[in-house]
Each structure stands twice: as structure tokens, then as C-alpha cells.
Amino acid sequence: MDGDELVRDYLGRLEAASWPLPPGRRTELAGEVREHIDTALAEAGRRDTVTVHNVLERPGRPEEIVATEAEIEPESSRWIDARVSGVAATVSAWGMIEIAAILLLSVGAFLLPLVGPAIGLVLVWYSSRWTTREKLIATVIVLVVFILPIVGLLSAGGLSQG
Amino acid sequence: MVHGDTRNPLTELRRGVLEHCVLAVVRDRESYAFDIVRVLASAGELVTSEGTIYPLLSRLRRDHLVTTTWRESDAGPPRRYYLITDEGRRALDAFAGDWARFRDAVDALLGGGARGGDPDGR
């Protein structure tokens with residue numbers, strides 16, 4: 001990695017570490033640290049790898065900066081608590097409903113044609129783990145792959161009998 | 001300000017006093033963050049990781065203990081300059097009194113402890 005890549009890598013780590021912060025504060029903090037690095041590099045007068053390594057040592061680890069923010073800024077601390085507990089709640093919701101939905105949509109489609117995928121879709125929409133976008137994608141896939149062909153076959157069979 | 005060394009008494013002390021040391025730096029003249037860090041570092045023992053100054057400056061801004069002004073820089077992007085407010089000055093004065101009493105109390109105990117703890121029992 002050259003000097004510029006090292007700086008980008010550091011700022012990327014800061015961006016990743018600061019994800020639970022309030023969005024405005026996250027942007028502001030990134031700007032402040034970037035300015036700090038730019039000023040230190042301008043003072044050093046060089047941007048070779050060794051100089052950049054030394055400059056990036058000075059602000060400390062990104063995780064440390066974010067931890068300090070959480071310690072002393074009540075608003076950031078509240079955001080972090082809320083975001084982390086939100087993730088925990090989402091992860092904990094990954095349970096029997098989601099597993100049953102996936103089984104019904106996959107194996108269930110062959111064991112219980114029409115009924116299996118239909119119940120699976122109900123469970124998909126009942127789940128709090130998946131986003132609306134994910135649920136819509138699952139619905140379209142199920143309709144296209146499982147249900148529409150079967151309905152089409154049934155219709156074709158009905159027409160040929162008629 | 002590292003989670004792993006929270007039991008280090010110097011870390012705890014630093015955390016407790018750093019806010020007011022920053023106020024002292026911007027008491028008489030406007031400074032930008034990098035310059036504040038430089039002054040704190042030159043005093044010794046006050047800053048371990050320079051980046052951790054930014055959450056502190058953010059809190060000082062929010063608590064109206066400092067005002068900020070953006071100014072063009074000769075080298076690089078505009079810089080945010082910090083200056084103490086009247087409220088910040090009052091907080092700093094109060095801390096200066098508290099600190100003097102605290103320091104004297106600790107010095108007295110440490111001085112007495114050193115005499116009492118003479119390993120030769122003299």
C-alpha cells in the first residue's frame with residue numbers, strides 16, 4: 001500500500017467503526033480526523049509510506065476514537081446503544097419462523113406443491129428478520145418459480161379437458 | 001482513553017482533567033484542533049491518542065463552553081478555530097480552584113505516606 005492508500009484504509013476503518021454514531025456526527029468526526037491527518041502530513045512535508053505510517057499512529061486506532069465518543073458524548077452513546085440493541089434484536093429474531101419459511105419454500109415446494117410455498121410466503125411476511133424489499137424479492141421468486149407454472153399447468157389441463 | 005487500560009490511574013486522571021486543560025489552551029487565544037493537541041502533547045502526559053480530542057471538542061461545543069469559527073487555511077482545507085466562552089471561563093475558574101485543593105490534598109497524603117513508609121522504619 002502506498003501512502004494515499006494507507007490514509008484511505010485508515011479512514012475506511014474509521015467509517016466502519018463509527019457506524020452506530022448519529023449520521024451527522026459520524027460525517028463530522030470523519031472530516032475532523034481527515035483534517036488532522038492532512039495537517040500532520042502537510043507539516044511532515046512528505047507522503048512516503050513511513051511518514052504516513054507515523055502520522056496515522058498519532059490519532060490512534062479508529063475504534064479508540066469511537067469508544068471515546070461513546071464514553072463522553074451522551075447523544076452518541078444513546079445512538080450507539082439503540083443501534084447495537086437494534087442489531088441484537090434483529091439477530092435474535094432469526095429463529096424458527098425464518099427456518100420454517102426457508103424449508104417450506106425449498107423442500108416444501110416439492111413435498112407440498114402450492115401449499116408449502118404459500119405457507120412459506122406467509123411466514124416470510126410474518127418475519128421481522130427480513131426487510132420489505134427482501135420479502136418482495138422472495139415473493140416474486142416464489143411466484144415465478146413455483147406457483148405460476150403450477151397454476152399454468154392446471155389451467156392448461158383444464159382447457160384440454162374442456 | 002483506551003478501554004483496556006481503564007484501571008490505570010493516569011488514564012482516569014487524564015480523562016477527568018483533559019476537558020479543562022483544553023479550555024485552558026483556548027482561554028487566551030483561538031486555536032484549531034491540531035494546534036490544541038500540539039500544546040497538550042508538549043505539556044506531557046495529557047494526550048495519548050490525538051484523535052480522541054475530537055469527541056471532547058464536540059462535547060465542549062455542545063455544552064457551549066467553546067465557540068468555533070471556520071477560517072481559511074494557507075495549507076489545506078478551512079480549519080475550525082476554538083475559543084473559550086464566558087460559560088467555559090467560569091467552568092475553568094471553578095475547576096482551577098477544585099484542582100488546587102485536590103492536588104494539595106493528594107500531595108500532602110503522598111508526602112506523609114512516603115515518610116511513614118520508610119522501609120528502614122526510621
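Hydrogens, waters and symmetry mates are skipped; everything else that's a heavy atom, side chains included, is used. Below, chain A is the first sequence line, B the second, and so on; all start at residue 1.
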Do you know the tightest heavy-atom contact between [X] and [Y]?
| X | Y | answer |
| --- | --- | --- |
| A:L29 | B:P55 | CD1-CD, 4.5 Å |
| A:T39 | B:R79 | CG2-NH2, 3.6 Å |
| A:H36 | B:V37 | CE1-CG2, 4.2 Å |
| B:T52 | A:T68 | CG2-OG1, 3.2 Å |

So how far is it from B:Y54 OH to A:E69 CD, rounded to the nearest 0.5 Å? 13.0 Å
Within this structure, what is the CD-CD distance for the pair B:E50 and A:E57, rounded to the nearest 0.5 Å?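 Those atoms lie 11.0 Å apart.
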What I want to find out is whether A:E32 reaches B:R61 closely enough, with some N-O distance under 4.0 Å, to be called a salt bridge.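 Judged by the 4.0 Å cut-off on N to carboxylate O distance, A:E32 and B:R61 do form a salt bridge.
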Looking at B:R80 and A:E28, is there a salt bridge between them, counting it only when a charged N and a carboxylate O are closer than 4.0 Å? yes
Within a strict 4.5 Å, meaning less than it, do heavy atoms of the A:R61 and B:S49 side chains meet? no
Are there more than 12 heavy atoms of other residues, nucleotides or ligands under 6.0 Å from atom CZ of A:R46?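 Incorrect, the count does not exceed 12.
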Give a yes or no on this: more than 12 heavy atoms of other residues, nucleotides or ligands lie within 6.0 Å of atom CZ of B:R103.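 Result for CZ/B:R103: enclosed.
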Identify whether [X] and [Y] are in the same connected component of the hydrophobic contact network (ILVMFWY, side-chain heavy atoms under 4.5 Å).
| X | Y | value |
| --- | --- | --- |
| A:I141 | A:L105 | yes |
| B:L83 | B:L40 | no |
| A:V33 | B:F34 | no |
| B:Y82 | B:I84 | yes |
| A:V124 | A:V145 | yes |

